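The next block holds one structure in the form of structure tokens; read it before the comments.
Just so it is clear, the model here is predicted, and its values are computed rather than measured. We count ligands from 1, going down the list as the structure has it; atoms in each ligand are counted the same way. In what follows, every heavy atom counts, from backbone to side chain, and hydrogens, waters and symmetry copies are set aside.
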Amino acid sequence: MSSGDYQCLVSRLKRVHYLGTAVGLLGWDEQVNLPPDSADLRAEQLALLAELQHEAAVDPQIGALLKNLVPVNADQAVVVREAQRDYDRVTKVPASFVAEKARHSSAAYHAWVASKEKSDFAAFAPFLQKHLDIALQEASLLGWGDRPYDYAIDKHDPGVTSEKLTALFGELQAGLVPLVRAIADSPVRAPIGVFRGFPIEAQRRFLREVTEKLGFNYRRGRIDVSLHPFCEGAGADIRMTTRFDPDNPLDSLFSSIHETGHGLYEQGLPLKAQGTPLGQNAGMGVHESQSRLWENQVARSHSFWAFFEPRFRGIFPQQLGHVSSDEFYLAVNEVAPTLIRVDSDEVHYNLHILLRFEIERRLFSGELAVKDLPAAWNVLSQDLLGLTPDCDRMGVLQDVHWASGSFGYFPSYCLGNMIAAQLWFTVGQVFPDLETDFAKGDFARLLGWLRTQIHEQGRRYQALELVRQVTGEELTPKYLLRYLQSRYGPLYLK
Ligand SMILES: [Zn+2]
């Protein structure tokens, strides 16, 4: 191959990427700024751009170039390998199938909103069934007909299989359930309702200081307000969102730190490789590991608060006057079971994921019929969380993922937690005094390490391989269990 061919491939991949970032930006704007009566125009703009992006992605020239390219170095080999993977994924499904899927997604989403409001799973069931049929059909179009759930997982976390997850999650559950039970039996309780009347402007100021100190580059990103926090964008322009509640400042703070972790990852991807797989993230599990590591391992630590607590109190002297330091730290590390995944603390969170993984696994294998989903959900919820929802809205209908046909996504959250803990253990060995930095408000050493080990690798390695490379060990839940024990044991199991 000539280097001209390689450049030609790269410029075509960049077209796909830039169109994708434009779609993302309009989507961000829709949730942050869009005037209420402009939604129809936005839908048209998004549909057109998505169509153009799809056309760019299925460009036969990309296929022809990939067929003939012989990479001359390791970087090119990664680009060719991953571009081929992406190209297969977009070209092996007919346009009519893609259109049908998009139409159904939109209809199913609205059906889910209505069903959730009435807590009526039966009304949503036919839509979910069609989502499942589409997912099975897509897997078979891509050559994964005998392993459709693996395909669903692989879409988010390349190289991860349901067999692998079954083993990891089984081990995690065995270690986690006794810890959860022990904490439930503990007389220690985090203080409730102690945070009242935190003005939003002041919260915003504190948030900005925290996220800047963590290393978020506001010259290549920003944070705004939306109903549900998210992080959008890649490399050169990162848009994060948060939401504010005067009576729950920790919700805004921790969700923002979470999104900052996503943003730091995207900002750390090599800009010079922008638009190629070397400038893209290594999948949802790795992404989630970055958000969780900053949110949990870092921001729930004593050392983090050794620096930030006096500053937080400085901004909110009245509001925090009656809260002792011990109470404050316990509130930051509150553990209490809840039916709702997104409200869950980090100890229970993984159990919510194990539940959803088990449901998806059974659905895809045919062991579980869609109509029997609520009953299966409630049994698992009782087994794992010790709670049974009294209505589907609080149970099987709570998440948006299945409403939009997104299967195989939930495991990424738990993978992310495991990866974060394993990385945390490794970086702690590399820099045993790392947390003394945090107590001084300095996070540069941690960020620098994550940059070289994870961010700058782009899609060079799949998640499990990346973990092996960086930590010298296969992914294992034992570090997550060890971390949770060390964080929550001293607080709740004294
Ligand atoms: Zn996240």
* Should we count OH of Y109 as having more than 12 external heavy atoms under 6.0 Å? -> no

* Asked: Charged N to carboxylate O under 4.0 angstrom, D399 versus R341?
  -> yes

* Asked: Restricting to pairs with a member in residues 162-174, which pass side chain to side chain donor-acceptor pair (under 3.5 Å), not counting sequence neighbours?
  -> D150-S162

* Structure fact -> So side chain to side chain donor-acceptor pair (under 3.5 Å) across residues 14-26, not counting sequence neighbours, yields none

* Asked: Does the ring centre of F438 sit less than 6.0 Å away from the ring centre of F304?
  -> no

* With K130 via side-chain contact (heavy atoms from CB on, under 4.5 Å) - residues at least two apart -> E100, H104, I134

* **Atoms named by residue and atom, protein N, O or S, within reach of the Zn ion (ligand 1) (under 2.8 Å)** => H258 NE2, H262 NE2, E288 OE1, E288 OE2

